[in-house]
Amino acid sequence: MLQNKIIRQIKEMRPWFHNLHLVNGIQTAPDHVLGDFPSFKWVEIAPFIPDDLNGWTVMDIGCNAGFYSLELAKRGASVTGIDIDSHYLKQADWAANLMNLKDKVRFEEKQIYELSKIKTKFDIIWYMGVFYHLRYPLLSLDIISRITGKMMVFQTMTMPDKEDYEARSDVDLYEREILSEPGWPKLSFVENCIAGDPTNWWVPNHSAVMSILKTCGFKVINRPSHEVYICEPDGNTMKSGSINDYQYRAATGIL
Ligand SMILES: C[S@@+](CC[C@H](N)C(=O)[O-])C[C@H]1O[C@@H](n2cnc3c(N)ncnc32)[C@H](O)[C@@H]1O
């Protein structure tokens with residue numbers, strides 16, 4: 001019976017990070033430690049995304065088993081999902097097949113940094129749960145800002161801190177205590193693990209998220225859920241423009 005076959009395949013493809021809801025109430029990770037993940041996040045974000053995405057393109061970075069890719073494809077978008085982990089990509093491909101969405105989504109094994117080679121823009125960049133896993137997080141956002149058409153949905157783990165902060169145009173060399181004040185933009189470096197995961201590297205506070213997004217050319221227009229930021233492209237607002245541009249081109253090899 002088809003149902004038994006699906007359940008067997010889910011078991012064969014363990015472990016699952018996304019709890020996908022499939023036919024007849026079958027789920028891929030019903031005992032997920034975070035709850036019904038990421039459905040509970042999606043219900044908060046979904047109202048901020050157009051219902052009709054026909055004609056829209058989406059790039060889902062770090063797509064994992066494709067939960068968000070598949071939801072956006074259901075709204076009509078043409079979705080490309082990328083991830084570095086072939087195990088999760090196999091799950092995503094399998095689920096797309098099962099949901100008859102193969103003509104709307106494709107999944108590719110790719111590093112986020114490889115997107116620097118892409119010239120075309122995507123209407124939506126879906127960039128959730130990856131930033132803090134990167135050694136070069138700002139480079140990722142500089143790359144993404146060049147390929148964002150209409151919006152980016154961004155999520156990162158954050159460190160708790162005061163949220164209000166007013167940017168200063170300059171800080172005196174002998175006034176550096178201000179850099180450690182509550183609310184000042186900070187990226188906390190993780191030498192070993194968070195939650196047993198050695199791939200966690202940099203954890204920003206909220207102010208750092210806002211400042212980083214701004215200097216990477218994004219304007220935050222909504223915060224639909226904890227640690228989720230919906231952004232619009234806001235031109236290239238990087239300070240010291242040409243110096244940064246040279247650094248970007250050297251780092252990406254696009255000279
Ligand atoms: C915490 S999961 C987030 C999955 C999904 N985006 C979400 O929000 O539920 C991080 C995902 O990013 C992928 N990933 C980590 N580093 C990456 C990189 N450098 N480029 C592309 N994907 C990456 C991991 O394999 C994993 O599937």
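Counting starts at 1 for both ligands and their atoms, following the listed order.
Ring centroids of His206 and Tyr165 are separated by 6.0 Å or more, keeping the two rings apart. Outside the 6.0 Å centre-distance limit, the rings of Tyr132 and Trp201 are not counted as a close aromatic pair.
In summary, of the residues considered (Ile230, Leu53, Thr57, Thr148), a side-chain contact (heavy atoms from CB on, under 4.5 Å) with Ile124 occurs for Leu53 alone.
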Which pairs of donor and acceptor atoms, one on a side chain in residues 61-72, lie under 3.5 Å apart (sequence neighbours left out)?
residue	atom	partner	partner atom	Å
Ser69	OG	Asp60	OD2	2.6
Glu71	OE2	Lys74	NZ	3.0

Show, in sequence, the C-alpha distance, side-chain angles and deciding distance for Met1 and Lys5, and conclude whether the side-chain contact (heavy atoms from CB on, under 4.5 Å) test is met.
CA-CA 6 Å; Met1 209 175 130; Lys5 188 179 167 200; over 6 Å; no
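A single hydrophobic cluster is not seen to contain both Val130 and Val58; linkage of ILVMFWY side chains at heavy-atom distances under 4.5 Å, directly or through other members, places them apart.
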Between ligand 1 and the protein, which N/O pairs are shorter than 3.5 Å?
residue	atom	partner	partner atom	Å
ligand 1	6 (N)	Gly62	O	2.7
ligand 1	6 (N)	Met128	O	2.7
ligand 1	8 (O)	Met128	O	3.3
ligand 1	9 (O)	His18	NE2	2.7
ligand 1	19 (N)	Gln111	OE1	2.7
ligand 1	20 (N)	Ile112	N	3.1
ligand 1	25 (O)	Asp83	OD1	2.6
ligand 1	27 (O)	Asn64	ND2	2.9
ligand 1	27 (O)	Asp83	OD1	3.4
ligand 1	27 (O)	Asp83	OD2	2.7

